[in-house]
2 protein chains.
Amino acid sequence: MIKLRDLEYLTAIDKHKHFGKAAQSCFVSQPTLSGQLMKLEEQLGLQLVERHRRNVMLTPAGEQLVKEARKVLQAAGQFESCAKALLDPFAGDLHLGLIPTLAPYLLPHIMADLNTALPNINFFLHENQTKVLLQQLDEGKLDVLILPYLEEMDKFESYQLFDEPLMLATQKNHRLANKKDLSLSDLHDEKILTLADGHCLKDQAMGYCFSAGAKEDNSFQATSLETLRHMVASGMGITLLPALAAQGNLASDTIHYGQFQAPVPVRGISLVIRPNYSRMQCVRAIVASVRKSLNGIIT
Amino acid sequence: MIKLRDLEYLTAIDKHKHFGKAAQSCFVSQPTLSGQLMKLEEQLGLQLVERHRRNVMLTPAGEQLVKEARKVLQAAGQFESCAKALLDPFAGDLHLGLIPTLAPYLLPHIMADLNTALPNINFFLHENQTKVLLQQLDEGKLDVLILPYLEEMDKFESYQLFDEPLMLATQKNHRLANKKDLSLSDLHDEKILTLADGHCLKDQAMGYCFSAGAKEDNSFQATSLETLRHMVASGMGITLLPALAAQGNLASDTIHYGQFQAPVPVRGISLVIRPNYSRMQCVRAIVASVRKSLNGIIT
DNA sequence: ACTTAATCATAGCTAAGGCCTATCCTTTAA
DNA sequence: TTAAAGGATAGGCCTTAGCTATGATTAAGT
């Protein structure tokens, strides 16, 4: 295998037409350059340089190969400058995965700050269900996930971002709408509207509800929180909504969002990455930025 | 300085996504590849690979640098294949310098054989006076000269090709035209037409003539042998012509070419190269070819 | 839950070779 | 004839790419 250093020596000889000066320009001794060049010639099986006392000149083969050598060295230079450009850990593309019950309500709160904190990062947003996101994270298609933490994610590395309370969404005139000291036990025997299978919110929320004695309304399942919200608004039932999803609609005149007393049902939102993920500095900056953005929004 | 081997390791990892297999494809042990890749990462200051048991993947930086690495390796490959193509010592361009009093008369005899013997050599022919040719040979603009050997060429390397006799060119009715046992001494007191200054033939031929007591016709000097020949044909004088120049016109009905008795005046035509010239095999082939071509033409 | 297999990292060693200094040899200039 | 210039040669140092053997961690199978 040819060595880049040898190509530098060759081009230096071409430039200076003098072994001593060429060696100097490469910061090596004259015998070193002389010897390496001879080795190169031997290796290639052709003479590259004609040696005379007064006059060092390249053979035709040498001339031709110098041109090739310069191309190689230029490519190598590009490699190195490319590496240098990549050195900034706070630059480049970053693919962020979120679940559908979180993305539209969280992103408005965090993206502005993220773009300020990491101006050279291009964020690509991916919305998918947990299972798909984890798969894609594992495959490297995604870099960072933000989603409710689950046990099955312990093979990844995760950073707790915030606990999102679940709120009770009812029509304003529902009996639970104005109840003081609302607690999960109040859901006993209530029928709860839920999202379609696959949404982790369903599993989590219904987990709380079931343990409180509530029942799932099996008549149909919504495919998005907005559908769910409209179903509540039109009096088809009640449901649990994550606080961020509720927040933007607090002023709704048909839906009431009830806050539970302690123990407040929450979903713990975490940032999840692969262990050994290469851009930890970036990750730490994201964690800090998101926590700061939500400070005051989520108590 | 980056090393090409490391770039190979990097691309191998990209290809196989597996250290062991990548190492195998590079014909090294797994620890070797592993270690070198880590060194490369350290050197660049950035992580190129995410290591997992199941799943080795490149970081975004790694992806980008693999592309650059491939470019470098491709250029290096071109360098090597270019070198391989140049390996054939009997291929490439060759710049051949000849003097004007030799080129038009010699080339028809040798070029066909040269092209047969060295079919992959492209001959470029340069016609100039000795001094210019030597200068250009020294500068590397020319590779090989064919010309009358002179003392001043001893700093170069030369190969005697043949001795070209000088013949006496006269009108057919000149008193020397039919003289038997023609010798140089017969030129005593004759006026000899000569070429312009700078042509080595003038110096050589006149050297013979002067020592024989002949005189130079200073009234004018020809710039080519053909001019000289026409001057002889029209009765303006006599001259010495090299045998090859005479040969093609032996049948001329106005000019008689007289052959001298021993000691025959000759000019010794040699092939001249720079010492250490890189394509000696080619040179030897040329020498052999030319000698063979002239065998029988020049006794 | 324990074991086995897979896979990458680590440790320690060897050998090659890149680089150095010192010197030699040849050519050119004074 | 000597001195200077310029490339080649000689011998030694020291880095490092490569090896084998082993460790550590994870995944999967019993």
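Throughout, a chain's letter reflects where its sequence line sits, starting with A, and its residues are numbered from 1. Values reported hereafter were calculated over all heavy atoms of this structure, with side chains retained and with hydrogens, waters and symmetry mates removed.
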Next on the checklist: Just the rounded figure in Å: distance from C1' of C:dC8 to NZ of B:K39.
Outcome noted: 17 Å

Checklist outcome for this item: From CD of A:E50 across to C1' of C:dT27 the rounded distance in Å is 17 Å

Checklist entry - Should the heavy atoms of other residues, nucleotides or ligands under 6.0 Å from CD of B:Q24 be counted, would the total exceed 12? => result no

Next on the checklist: Please report the distance, rounded to the nearest Å, between CD in A:E41 and C1' in D:dG7.
Outcome noted: 13 Å

Next on the checklist: With a cut-off of less than 4.0 Å, is there a side-chain N or O of B:R51 near OP1 or OP2 of C:dT7?
Outcome noted: no

Next on the checklist: Between A:Y9 and A:L40, does the side-chain contact (heavy atoms from CB on, under 4.5 Å) criterion hold? Intermediate values first, please.
Outcome noted: CA-CA 10 Å; A:Y9 294 155; A:L40 179 64; over 6 Å; no

Item to check | Qualifying residues under salt bridge (Lys or Arg N to Asp or Glu O under 4.0 Å), relative to A:K17, sequence neighbours excluded | outcome: A:D14

Next on the checklist: Rounding to an integer number of Å, can you tell me how far A:R274 CZ sits from D:dT26 C1'?
Outcome noted: 17 Å

Next on the checklist: How many whole angstroms separate atom CE of A:M57 from atom C1' of D:dG6?
Outcome noted: 15 Å

Checklist outcome for this item: By nearest-nucleotide position on DNA chain C, the 5'-leaning member of A:Q36 and B:K155 is A:Q36

Item to check | Derivation and outcome, salt bridge (Lys or Arg N to Asp or Glu O under 4.0 Å), residues B:E42 and B:K39 | outcome: CA-CA 5 Å; B:E42 192 178 354; B:K39 264 190 214 169; over 6 Å; no

Checklist entry - Taking atom P of C:dT28 as reference, at what distance in whole Å does atom CG of B:D154 sit? => result 10 Å

Checklist outcome for this item: Between OH of A:Y9 and P of D:dG7 the distance, given in whole Å, is 16 Å

Checklist entry - If only side-chain N and O atoms of B:R5 are considered, is one of them under 4.0 Å from the OP1 or OP2 phosphate oxygen of D:dT16? => result no

Checklist entry - In Å and rounded to the nearest 0.5 Å, what is the OG1 to CD distance from A:T194 to A:Q221? => result 4.5 Å

Checklist outcome for this item: What residues 17-33 of chain A contributes to the DNA chain C interface at heavy-atom separation below 4.0 Å is A:F27, A:V28, A:S29, A:P31, A:T32

Report, one line per pair, each donor and acceptor closer than 3.5 Å where one atom sits in a side chain of residues 153-161 of chain A; sequence neighbours left out.
from, atom 1, to, atom 2, distance (Å)
A:E157, OE2, A:Y159, OH, 2.7
A:Q160, NE2, A:D163, OD1, 3.0

Checklist entry - Got A:K67 and A:K71 here, is their nearest side-chain heavy-atom distance under 4.5 Å? => result no

Checklist outcome for this item: When rounded to whole Å, the CG to P distance for the pair B:L40 and C:dA9 reads 14 Å

